[in-house]
**Q** 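Before I ask anything, here is the structure I am working with.
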Amino acid sequence: MAKGDKINMRIILYILCLYDIYLYLDDIFALLKVDIVPPTAGGLMYFDAAMLLFGGLVLGYLLRRLGDKKLGLIMIILNVVLTPWFIWRALP
């Protein structure tokens, strides 16, 4: 992979990481009892669900392969810890 391609891939991955973290905000605000509801687009519902369930793992793996091991590990931990925890909290 050429250096320019690597930089472009890294920028795309960083944007997806920010989006993945944005998706967790609603649950994090509810956990902290902060009455803020981030805006959501209904048309992205399936993409949002896929990002929360698998996005952190995929992003973490790709970031680790590109050399950003710390952010990759953070994204994997977010996915492995926060997603099941928030699903568990949402169950009746």
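Values reported hereafter were calculated over all heavy atoms of this structure, with side chains retained and with hydrogens, waters and symmetry mates removed. For this chain, numbers begin at 1 and follow the sequence in order.
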**Q** Can you tell me how far the CD1 atom of Ile28 sits from the CG atom of Leu23, to the nearest 0.5 Å?
**A** 10.5 Å

**Q** Quick one: side chain to side chain donor-acceptor pair (under 3.5 Å) partners of Asp27, sequence neighbours excluded?
**A** none

**Q** I'd like to know if Leu53 and Tyr24 are part of one continuous hydrophobic network [Ile/Leu/Val/Met/Phe/Trp/Tyr, side-chain heavy atoms within less than 4.5 Å].
**A** no

**Q** Rounded to the nearest 0.5 Å, how far does CG of Leu16 lie from CD1 of Ile11?
**A** 12.5 Å

**Q** By side-chain contact (heavy atoms from CB on, under 4.5 Å), which residues pair with Leu71, not counting sequence neighbours?
**A** Tyr14, Cys17, Leu63, Asp68, Met75

**Q** Please check this pair: side chain of Thr83 against backbone of Leu52, looking for a donor-acceptor N/O pair closer than 3.5 Å.
**A** yes

**Q** For Leu18, what are the other residues in its hydrophobic cluster, where any two members join if their side-chain heavy atoms are less than 4.5 angstrom apart?
**A** none

**Q** Is there a side-chain contact between Met51 and Leu59 (heavy atoms, below 4.5 Å)?
**A** yes

**Q** Looking at every heavy atom in both Lys6 and Leu66, which two are closest together, and how far apart are they?
**A** CG-CD2, 3.6 Å

**Q** What pairs with Val81 under side-chain contact (heavy atoms from CB on, under 4.5 Å), at least two apart in sequence or on another chain?
**A** Ile77

**Q** Sequence neighbours left out, what pairs pass ring pair (Phe, Tyr, Trp, His ring centres under 6.0 Å) with at least one residue falling in residues 73-92?
**A** none

**Q** Can you run down the ring pair (Phe, Tyr, Trp, His ring centres under 6.0 Å) pairs that involve residues 46-68, sequence neighbours left out, and say none if there aren't any?
**A** Tyr19-Phe47

**Q** For Lys69 and Arg64, work out which heavy atoms get closest and say how close.
**A** O-NH1, 3.3 Å

**Q** In the structure I gave you, are the side-chain heavy atoms of Ile21 and Leu82 within less than 4.5 Å of one another anywhere?
**A** no

**Q** Quick one: pull up CD1 in Ile76 and CG in Leu57 and give me the separation to the nearest 0.5 Å.
**A** 6.5 Å

